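Have a look at the structure below, then the notes.
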Amino acid sequence: MKIKTIQTIPFADQRPGTSGLRKRVKVFRQPHYLENFVQSVFDTVGPVEGTTLIVGGDGRFYNREAIQTIVQMAAANGVGRLIIGQHGLLSTPAASHLIRLHRAHGGFILSASHNPGGPAHDFGIKFNMANGGPAPEKITEAIYARSREITEYHLCEGSGTPISLEACGSLLVGNMIIEIVDPVEDYQALMQSLFDFDAIRELFGRGFRMRFDAMHAVTGPYAKAILEDSLGAPEGTVIHARPLEDFGGGHPDPNLTYARSLVECLFGDEAPDFGAASDGDGDRNMILGRHFFVNPCDSLAILAANAHRIPGYQQGLAGVARSMPTSGAVDRVAEALGLRCFETPTGWKFFGNLMDSGQITLCGEESFGTGSSHIREKDGLWAVLFWLNILASRNESVEDVVVSHWRRFGRNYFSRHDYEDLQSETAQEVMTKVQDSFASLSGQKHAGRTIRVCDDFSYTDPVDGSVSKGQGLRVVFEDGSRIIFRRSGTGTHGATLRIYLEAYVDGQGNIHMNPQEALQDLIDLSLEISDLHALSGRNEPTVIT
Ligand code: G1P
Ligand code: ZN
């Protein structure tokens, strides 16, 4: 094996965000761009000599090339063993599991999650740590600092590279062992250890019908193997099952806008009992019943309230957590069950510390992310199996499960209004305007609700004491209803402003309204205090979920 040291110069734009480094493919394709980042990771999380690393991605365009680069660089940097998903595929949850299963030093996950893929779209890379979770901010900042001063990287040539990713088995590149593994097998075993597969099999045996939309992304092979081959769902249950480099031209984000064909099917005449979808890298989930949409905030609350029915959670939950903008539905369950409930900033990494220290078992975000301490990422298929297990155990429809939940705990009407691709200055102006209005808002009454407090959310991590400020502007009412303004941290162009709206009604109240109607007063107030439409020149959100 020949190790080459290549001279390079830093790029200024390699700061990993909450979900790793995400850029247009053309940015990644610049000479030395990916290499600089990978070397900066090795230099920061090292020494990597002799360690095991996991590598895989969501199959999007540039996935395979990036893996070949990582192979050559890992060998040159002395990594002992690389475990790579066959065809270069690993869903984010499966990668997190493999890191933990093999007690690996960490792993590279190649994905831009739900962003479109293809030569004109996005690619991404992130490093997860030995606990299976995304690198914490102090590490990503150190990687960034390193990328600003890097002058060389190491690469090995020849010796069997590029490698074939097509067949499972072992090979050597220099002194480094490479194992190409089935991306599904270990993940499937983990799911089997948590859920009652026999009960779900019986459910399908009773004629229960579902449709799972893999959106031509990474969950296709996982869903086929688990739902159809193992649980006996009829062939064709999983649609758009073949991972494609451009996700078939779609936007692999499981929500009411981008998973439209699934939504139409579940709201159509021939609707099956249950519908679900996952995103590009398999960590998000959307849950639908026949003619029924389950809001992710409610989904988290319902999983918590029904966890005792699931074999893997029968011993009880340590606690629960939700991101700040996620509705307080789960808080009500936690209160009733005497569980601790944490409110964290947006982004999965904050849950990791709580899970590592044994303080929570379940957690979730309004952005279609739900998960548990079985891994350190959110997990789309896990949520789907959790729901299937609940439905099998209760033998009720999705709608009945949700409505009886609302009757017991009340309903937190919730919606998110996104204004995408704004000028950064406009987004800032809007945020400033909202903050300026805070002083006069406290104590005011709007449509029968009194504003209790307005603030800028800040979080002190109970485990490591780190403080995260500026996490979103909140207008909180006495009954728990809220309006939240927050700038997205994951967009790759322009600024996205998110407005989160939440209105609470108790179990005796009107729990059957359309959310947009139930939230209308709060929507009006949000526009009034932000002056958003005048400042942005827009008259409606880009996406409503
Ligand atoms: C978005 C979601 C957030 C999620 C993140 C990564 O981040 O809102 O909940 O953790 O994607 O999937 P945002 O663009 O809002 O910063
Ligand atoms: Zn994702």
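Hydrogens, waters and symmetry mates play no part in the numbers below; they use all other heavy atoms, side chains included. Fair warning: this is a prediction, and the values are worked out from it, not measured in the lab. Order of listing sets the numbers, starting from 1, for every ligand and every atom in it.
With hydrogens and angles disregarded, a donor-acceptor distance shorter than 3.5 Å links the side chain of R538 to the backbone of E420. For the pair S526 (side chain) and I523 (backbone), a donor-acceptor distance under 3.5 Å is present. Looking at D531, its side chain never comes within 3.5 Å of a backbone N or O of L535 through a donor-acceptor pair.
When each of F195, Y187, W382 is checked for a ring pair (Phe, Tyr, Trp, His ring centres under 6.0 Å) with H374, only W382 meets the rule.
With ligand atoms numbered from 1 in the order given, ligand 1 contributes 8 (O), 13 (P), 14 (O), 15 (O) to contacts under 4.0 Å with heavy atoms of R498. Close approach of ligand 1 to T346 (heavy-atom distance below 4.0 Å) involves ligand atoms 3 (C), 9 (O). Counting atoms of ligand 1 from 1 in the listed order, those under 4.0 Å from a heavy atom of R416 are 8 (O). Proximity to G347 (heavy-atom distance under 4.0 Å) selects the following atoms of ligand 1: 10 (O).
The heavy atom nearest to atom 1 (C) of ligand 1, considering only M324, R22, R284, is found in R284.
When the Zn ion (ligand 2) is compared with the N/O/S atoms of D281, atom OD1 turns out nearest. When the N, O or S atoms of D279 are ranked by distance to the Zn ion (ligand 2), OD2 comes first. Nearest N, O or S atom of D283 to the Zn ion (ligand 2): atom OD1.
Within the structure, the closest approach of S323 to ligand 1 does not fall below 4.0 Å when heavy atoms are considered. At least one heavy atom of R486 sits under 4.0 Å from some atom of ligand 1. Heavy atoms of E377 come nearer than 4.0 angstrom to ligand 1 in no pair at all. In this structure, S19 is part of the shell of residues with a heavy atom less than 4.0 angstrom from ligand 1.
Judged by the 6.0 Å distance and 45° axis criteria, R474 is not positioned over the aromatic ring of F438.
With ring centers used as reference points, F11 lies 6.0 Å or more from F37. With ring centers used as reference points, F409 lies under 6.0 Å from H405.
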**Asked** After noting the C-alpha distance and the side-chain angles of T69 and V38, does the key distance pass the side-chain contact (heavy atoms from CB on, under 4.5 Å) rule?
**Response** CA-CA 9 Å; T69 301; V38 171; 5.5 Å; no
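Across every non-hydrogen atom of N412 and A329, the tightest pair is OD1-CA, 3.5 Å.
The proximity of S488 to ligand 1, defined as any non-hydrogen pair under 4.0 Å, involves the side chain as well as the backbone. Contacts between K378 and ligand 1, counted as non-hydrogen atom pairs separated by less than 4.0 Å, involve the side chain only.
Checking S113 against the Zn ion (ligand 2), an N/O/S atom falls under the 2.8 Å cut-off.
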